[in-house]
Amino acid sequence: MTALLDELMTRRPDVAFEAELAPGQVEEFRSRGFIQVPRITSDEELAWLGLVYDALFQERVGAEKGDYFDLSRPYDSDGEDLVPQIITPEVRFPELKQTAFWRNGGKLARQLMGVDDSVYGWGHMIRKPARIGGGLPWHQDEAYWDPGFDYRALGCWMPLDEATIESGCMSMIPGSHQGDIRPHRHIGDDPAVRGLQTSPDPAEAARAVPLPTPAGGAVMHDRRTLHMSGPNTSANVRRAYANEWQTRPVARSEPYERPWHTEGVEAFAKRFGDDARARF
Ligand code: NI
């Protein structure tokens, strides 16, 4: 752990900002599978989160345990990071759970899902460097998760920099959350690449809605909504911080058939050791 990160944790601003849903957004979320929130935290907190974020990526925090990796190429392969991701930074830095972003995300998630306090969150950060940042193909977030469980969950995705079409904002397919998990495969058909992709039919993909989002705004989407983001061809970094909000997963008597998940876990355990399975 770096002195810089420890020092930053002592400087976390206390932010009282309260985000609210607009009238009709619960219904919109349920019918379309996503909504946009103009603002989910304050400028002050955004500035602090930006410093924390930069330090985490600079230090590649968690790389030794497989909590830092590039989504688009095999673990530890040579080359520049194009879509690096950090998983569950709040485990190392619980101060991230004391933010307005965390608090507001949880509050809106409970309202959107229509559930009570039995909701918990976990975070990840995806960074797209200027000009070379990679895109992420169509996928459903639940496709990444353990097929032995049923989930009730949504993602709360916040860019720390304005996300434009050029810098790789998200696109969503309205209504796609209402179906099952589609067949997915690993990018490049290599299970040592964490990123997954699926192929919606062209007519469906043509209905996709791009969602440019200001820094500090948020996109909230169902765990099954089909989404993608393009490459970052702009001159600016596109940093994004997302929290997943979910009720306790319910174990299934028969797991879903999602062979890509099993293959991914095996490749991850091969690189980071058997005890890494639980962190996949
Ligand atoms: Ni996703």
Side-chain angles (χ1 to χ4, degrees), residues 29 32-37 40 53 67-73 81-89 101 105 108-109 112-113 121-128 133-147 149 151-161 163 165 167-188 193-200 204-205 207-213 217-232 238-246 249 256 258 260-261 264 268 280:
F29 179 81
R32 301 186 91 204
F34 60 90
I35 58 158
Q36 266 184 303
V37 179
I40 197 157
Y53 192 104
D67 290 342
Y68 173 107
F69 50 83
D70 191 312
L71 274 160
S72 66
R73 59 191 176 84
D81 285 341
L82 304 180
V83 204
Q85 164 161 268
I86 289 175
I87 303 272
T88 59
F101 172 48
L108 300 190
L112 291 169
M113 290 194 282
W122 58 272
H124 60 124
M125 297 168 161
I126 300 179
R127 184 176 188 276
K128 293 189 181 183
L136 289 175
W138 288 112
H139 68 276
Q140 294 163 299
D141 286 350
E142 190 187 336
Y144 280 88
W145 304 343
D146 187 336
F149 293 85
Y151 298 90
R152 193 162 183 189
L154 61 75
C156 175
W157 179 93
M158 174 181 75
L160 275 64
D161 310 287
I165 290 175
S167 75
C169 69
M170 293 228 272
S171 291
M172 305 257 162
I173 299 179
S176 55
H177 63 302
Q178 279 155 354
D180 292 334
I181 294 299
R182 318 287 177 93
H184 282 65
R185 57 193 179 86
H186 292 266
I187 294 172
V193 179
R194 186 65 155 260
L196 295 175
Q197 65 181 101
T198 187
S199 305
E204 190 177 31
R207 293 193 294 106
V209 179
L211 298 169
T213 305
V219 176
M220 303 192 70
H221 66 91
D222 185 89
R223 75 212 187 282
R224 289 193 170 182
T225 308
L226 276 159
H227 58 284
M228 59 82 75
S229 63
N232 182 5
R238 194 229 68 178
R239 299 169 297 176
Y241 184 6
N243 289 316
E244 298 290 336
W245 293 99
Q246 60 186 60
Y256 289 110
R258 295 176 189 162
W260 61 85
H261 185 271
F268 190 66
F280 184 80

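Both ligands and their constituent atoms are indexed starting at 1 by order of listing.
In this structure, the side chain of Q246 does not engage the main chain of A153 through any donor-acceptor pair within 3.5 Å.
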- prompt: Do M113 and R152 pass the side-chain contact (heavy atoms from CB on, under 4.5 Å) test, and can you show the C-alpha distance, the side-chain angles, and the key distance before you say yes or no?
  reply: CA-CA 8 Å; M113 290 194 282; R152 193 162 183 189; 4.1 Å; yes

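By the 4.5 Å heavy-atom criterion applied to side chains, Q197 and R185 are counted as neighbours.
Taking the six-membered ring for Trp and the full ring otherwise, H139 and H184 have centroids separated by 6.0 Å or more. Note: H124 and Y241 fail the aromatic proximity criterion, with ring centroids not under 6.0 Å apart.
Here 3 is the count of protein N, O or S atoms positioned under 2.8 Å from the Ni ion (ligand 1), waters not counted.
Under a cutoff of 6.0 Å and an axis angle of 45°, R194 and F268 form a cation-pi pair.
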